[in-house]
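From a predicted model like this one, the values you see are computed outputs, not experimental measurements. These numbers come from the heavy atoms of this one structure, side chains and all, not from hydrogens, waters or symmetry mates.
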Amino acid sequence: MTGLTLRYGQSRILHGIDLAARPGAVTAVMGTNGVGKTSLLKAIAGRHPFVDGRLAVDGTDLGHPTAFAAARAGIAYVPQGREIFPLMSVAENLETGFAVLRAKGLPREVPGRIFELFPVLAEMRHRRGGDLSGGQQQQLAIARALVTRPKVLLLDEPTEGIQPNIIAQIGKVIGQLREEAEMAIVLVEQRFDFAVGLADRVEVLTRGAVTYSAGRAELDRERLLGAVSV
C-alpha cells in the first residue's frame with residue numbers, strides 16, 4: 001500500500017500512508033485514540049473508499065475495491081466490536097465465509113485447523129453466537145476471517161474487553177499464524193506489551209500520518225512508548 005489518503009467529507013483522515021506487510025510477519029499499527037488506525041484498516045478492507053493511493057496484494061493492484069472485492073483478493077478483516085451474528089450458531093457464523101470461498105473457486109468447508117486453533121468453537125459450534133462470552137466471540141470473529149483463506153489478516157483491537165486468559169490464547173494463535181507464514185498480519189492494538197511482543201514491525205500513526213516506523217531489531221522501546229502515550 002502506497003500513498004493512501006482517506007477523507008470523511010471535507011476532513012482528511014489519512015495522509016499518504018505507505019505500509020508494507022509480508023507473509024509470516026506481524027505489522028503492528030499503534031497510536032493514541034482518534035489518529036486513524038481503524039480508518040486505515042477499513043480502507044484496506046474496502047469499507048471506506050480512499051481518494052488517493054495504491055493498494056495491492058501479491059503485486060496485483062486492487063484499485064479502489066469494495067469490501068467483497070477486497071475479501072475475494074485475500075484481505076480478511078476482524079473489526080473492532082467483532083460483528084458476529086448473534087442469532088446464528090457458531091457453525092453458521094463460520095459458514096458466512098463460504099461466499100468468499102465460492103468466489104475464489106475453493107471448496108466450501110471449515111478447515112479442521114480452525115478448531116485446532118480455537119477448540120472452544122468446536123465444543124460450542126451449535127450455540128448461538130450471542131450466547132458466547134466476549135472472549136469466545138472474539139475467537140469466533142478471528143476464526144470466521146480465517147475460513148476465507150486470507151493472504152492478509154487485519155485485526156482491529158482483538159484484546160479489547162477480553163479476559164487475560166483469552167488474551168493469552170489469542171496471542172498464541174497470532175504467533176502460530178505468523179510461524180506458518182501463509183499470510184501477512186496487520187494488528188491494531190492499544191495494549192503496548194501485547195503489540196510489541198508480537199510485532200515484527202511497528203508503525204505509529206499521529207494525526208493520520210506515520211511518525212515512527214521500525215523493525216523489531218531497531219525498535220526503540222522508550223521512544224515508541226512516548227509516541228503512543230497520551
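- The side chain to side chain donor-acceptor pair (under 3.5 Å) test applied to Gln139 returns no partner, not counting sequence neighbours.
- Classification of Glu180 and Arg178 as a salt-bridged pair fails, no side-chain N sitting under 4.0 Å from a carboxylate O.
- Pairs passing the salt bridge (Lys or Arg N to Asp or Glu O under 4.0 Å) check and including a residue from residues 181-192, sequence neighbours excluded, do not occur.
- Between Val210 and Val204, every side-chain heavy-atom pair lies at or beyond the 4.5 Å cut-off.
- In this view, Lys151 and Asp58 satisfy the side chain to side chain donor-acceptor pair (under 3.5 Å) rule, not counting sequence neighbours.
- Gln190 and Glu160 share no donor-acceptor pair across their side chains, judged by distance under 3.5 Å alone.
- Put simply, the side chain of Ser89 does not reach to within 4.5 Å of the side chain of Arg127, judged on heavy atoms.
- Remark: the backbone N or O of Thr5 is not paired with any side-chain donor or acceptor of His15 at under 3.5 angstrom.
- Remark: Arg125 qualifies as a cation-pi partner of Phe115 under the 6.0 Å distance and 45° angle criteria applied to the six-membered ring.
- Within the structure, salt bridge (Lys or Arg N to Asp or Glu O under 4.0 Å) contacts touching residues 81-96 (residues at least two apart or in different chains) are Arg47-Glu83.
- For the residue pair Ser39/Tyr8, the side-chain donor-acceptor check at 3.5 Å is satisfied.
- Checking Arg144 against Thr96 by side-chain atom types alone, no donor-acceptor pair falls below 3.5 Å.
- In terms of modelled atom types and a separation under 3.5 Å, the side chain of Lys42 and the main chain of Pro49 share no donor-acceptor contact.
- Counting non-hydrogen atoms of other residues, nucleotides and ligands closer than 6.0 Å to CZ of Arg207 gives a total of 12 or fewer.
- The shortest distance between side-chain heavy atoms of Tyr77 and Ile44 does not fall below 4.5 Å.
- Every residue two or more places apart in sequence or in another chain that forms a side chain to side chain donor-acceptor pair (under 3.5 Å) with Asp156 is listed here: Thr38.
- For the side chain to side chain contact (heavy atoms under 4.5 Å, CB included) test with Leu153, the passing option among Thr148, Leu146, Val186 is Leu146; the others fail.
- Transitive grouping of hydrophobic side chains (ILVMFWY, heavy atoms separated by less than 4.5 Å) keeps Val26 and Leu19 in distinct clusters.
- Looking at Asp18, its side chain does come within 3.5 Å of a backbone N or O of Gly3 through a donor-acceptor pair.
- For Arg7, there are no side chain to side chain donor-acceptor pair (under 3.5 Å) partners at least two apart in sequence or on another chain.
- Residues Leu140 and Asn93 are in side-chain contact: their nearest non-hydrogen atoms beyond the backbone lie under 4.5 Å apart.
- A salt bridge is defined here as a Lys NZ or Arg NE, NH1 or NH2 lying under 4.0 Å from an Asp or Glu carboxylate O, and Arg221 with Asp193 meets this definition.
- Under the 4.5 Å side-chain heavy-atom criterion for Ile, Leu, Val, Met, Phe, Trp and Tyr, Val35 and Met1 are members of the same hydrophobic cluster.
- The side-chain heavy atoms of Leu187 and Val29, taken from C-beta on, include no pair separated by under 4.5 Å.
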